[in-house]
Amino acid sequence: MSEMKEMIIESASKMFEKYSTKEAVNESEKGVWAGDLWNSLAENGMLTVAVPEELGGSGGDYDDALSILRLAGKYSAPIPLAETYMANWLLAKFDIPVGNDILTVAYEKNMQPFQFNKDGEGFVVTGKAKNVPWARYADKLIVLGETSDGTIFSLLDLKDAQINQGKNMAGEARDEVIFDHVFVNDPVNRFIGRDDFEKTVLYSGALTKSVLMAGALEKILEVTINHTNERNQFGRPLHRFQAIQHHIAHLAGESASAGLAASYAVDSFEKDPFSKEIALAKIRVNEAAGKGNPIAHQVLAAIGFTYEHTLHHSTRRLWSWRDEFGTESEWEEVVTDELLNLDKDGLWSLITGVENYSKEVEVK
Amino acid sequence: MKALQIPVVELPKETDELRREIRQFLKEEIENGSIVPKCDCWLSGFSAEFSKKMGERGWIGMTWPKKYGGGERSSVERYVVTEEMLAAGAPVSGHWIADRQSGPLFLKFGTEDQKQFFLPKIAKGECFFAIGLSEPNAGSDLANIQTRAVKVDNGWVLNGSKIWTSGAHVAHYSIVLCRTSPQDPNNRHAGMSQLIVDLKAPGVTIRPIHLMTGEHHFNEVFFEDVFIPDEMVVGEVGNGWAQGMAELAYERSGPERILSTYPLLNELTNILVENKDRNGLKQVSRLVSRMWTLRNMSLGIAQLLEEGVPSNIIASLVKDMGTKFEQEIAEITRLLVSVVPSTDSESLIEKYLAQSILQSPGFTLRGGTNEILRGIIAKGVIQQ
């Protein structure tokens, strides 16, 4: 790890430690915006990492940004950091300057594009998006749109929208956003193919979710270990019991697997934003959530099942996040498409990334 | 958690050519009938000729110094060779132990004479070793071994027995862990030494133990007043436990803890692709995701070991998860294809499925049972 990265991680850790507290996470569920946390990340340039400085970003690479995001997952940070990164990276790809706005992205399977009807200098916008993360707090929303000239993505100001509040299993805001014939003067629009937009959001969504989940799985392992150190039964700490040790070993395995799978997905993203590593990682990390959560709850027993304890900050998020941006089953479909094209005995080439024969070098 | 951090490894492009060379070699060997691929080949696939061919190509002792017959290549290159061999189900059991742990043990603790005598022979694929650890009353509780050597002029006299010794009937030597001083109740690990035993020496008796398939891989090895010359002591007298444990760290996270049933997964995939069976391939996708993760963990640990970073906890994790994964391939395969598994079948899927199921109990036992490993993992992460 570079010294720069270590510094970023250290200072981000301090911020999450200070502002993403048990109280802040609980308050957020009751409808209080974690403004201190957001502002502190903004002041330190952590919202625009991996966006070039020319575009108003703080520079750095995806790995830097996603290291911060892993911590956000670990600390159950109740803010749209993943969504803001996704939005900023998309904007930057189109050379659109970014700032410290709170951003979110509308995405669902088979979504209906918003309708943009030309009206003088602006557009009349009509559309509905469900389960938009953190929409009630966000300044702006990225949507897929349709104009008479073609498909676009648009950055819409949310103050013009009607918002119906909703939530996921973790109590994170997942709102319905409705634009009902709203006139928007000169919005930021860019032409983009529908498939390209959907794939960009789906893959960056799966990547950021995998990273958040890797952080949360790290947390539940820590919480579980601490509990088995502190809690005594039959006159000895819980971790002295073999049955408990086996649970810990299993959880450590799931946590380490998810962590490394996410790291490989991050590593691949720079080279290929639609890499198969992202698909494989989301499958593995989702699986780890499904296996890890029950272990943590079993070991913590009744106390971990209460609102008073913080275990649910992580476990409820893991249960929610594994279904966002693709379940195991959905990503298995993607990998299956690739498997169907294999030659006989070709699986090993896919796993190792090395074909049996080197490709002929094209001679011009 | 620091103890669970594993680096992302990018394999150097140069290894791609090495892979293709190995694949071409294996394809020819299979096509001309020299070798018959099978599951669990690193325990049950023996061919002295094949080991010799690997030696000729420089694929045994790859990382060792040239002056001892090695190739001075990187541990990543060695990793590539081992995983390619396992994926193809090649008969590598003959030289497996010598290449993986006996050779490195000599390099670390052996005398100059031992290195000069044994390493070139091993690297040529002409000298095989067997592990001499387990005893009838010392399995998971290895410190309870009773085999003992008593000092005499110019050497030691060995008495006792070892059990579950894979390949002792085809190996030339075994490195035997034994007591060289009486048991100390206050330090169970003290007073043990590692001796090189010539398996043809007078007083050594090897008796087969047939596996439930009827195959012969395991043995019981008896030592009756076997004379071991002083030159055949490895490292320091009394330091055998520590030396033996160092040996184990290298064997827990290798590709052989993930790929024992890979030929079955490959054949399953061939059939499902041929039948355009999307539902079946979705389940294979799940397995591929796990295998991809496990392989990356194993590669990362290989790199940490080369850098000298202690990796006992994550190595144990890989073995625990990897060996369960090897078993699971068979459990999932049988539900996706309708076949009658049999080791005698002409059909590859039927043969590999039978081999995988019948060999599977061993996966989670050998090299330290998974229960023992989970204890190591839990204690390790709790101390962090």
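Chain letters run A, B, ... following the sequence lines, proteins first, then strands; residues in each count from 1.
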Is it the backbone or the side chain of [X] that comes under 4.5 Å from a heavy atom of chain A, or both, or neither?
X	answer
Leu373(B)	neither
Glu10(B)	side chain
Arg286(B)	both
Leu259(B)	side chain
Val9(B)	both
Met321(B)	side chain
Asn270(B)	side chain

Can you find a side-chain donor-acceptor pair between [X] and [Y] that sits under 3.5 Å?
X	Y	result
Glu350(B)	Ser345(B)	yes
Thr364(B)	Asn370(B)	no
Ser356(B)	Thr261(B)	no
Ser360(B)	Gln327(B)	no
Ser329(A)	Lys282(B)	yes

Top contributor to chain A contacts, counting heavy-atom pairs under 4.5 Å, from [options]:
options	value
Asn266(B), Asp277(B), Thr269(B), Val284(B)	Asn266(B)
Glu84(B), Met291(B), Lys379(B)	Glu84(B)
Asp16(B), Ile377(B), Val273(B), Ile382(B)	Ile382(B)
Arg19(B), Glu274(B), Glu267(B), Arg278(B)	Arg278(B)
Ile6(B), Val8(B), Leu4(B)	Val8(B)

Taking non-hydrogen atoms and a cut-off under 4.5 angstrom, which of residues 22-40 of chain B neighbour chain A?
->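 The residues closer than 4.5 Å to chain A, in numerical order, are Arg23(B), Gln24(B), Lys27(B).
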Where does [X] contact chain B at under 4.5 Å (heavy atoms): side chain, backbone, both or neither?
X	result
Ile351(A)	both
Ile244(A)	neither
Leu339(A)	both
Leu251(A)	neither
Glu338(A)	neither
Asp345(A)	both

If you count heavy-atom pairs under 4.5 Å between each of [options] and chain B, which one has the most?
options	value
His247(A), Arg284(A), Glu328(A), Glu277(A)	Arg284(A)
Gln245(A), Lys344(A), His246(A)	His246(A)
Gly353(A), Ala258(A), Ser257(A)	Ser257(A)
Leu350(A), Val335(A), Val334(A)	Val335(A)

With distance as the sole test, does Asp64(A) use its side chain to make a donor-acceptor pair with the main-chain N or O of Asp61(A) at under 3.5 Å?
->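 Answer holds: yes.
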Less than 6.0 Å separating the ring centroids of Trp319(A) and His297(A)?
-> yes
Minimum heavy-atom distance Ala256(A)-Leu317(B), with the two atoms named =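 Taking every non-hydrogen atom into account, CB-CD1, 4.0 Å.
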Before accepting this row, confirm whether a basic side-chain N of the pair Arg257(B)/Asp320(B) lies closer than 4.0 Å to the acidic partner's carboxylate O.
-> no
Tyr62(A) and Trp89(A) aromatic ring geometry - parallel, tilted or perpendicular at 30°/60° bounds = perpendicular
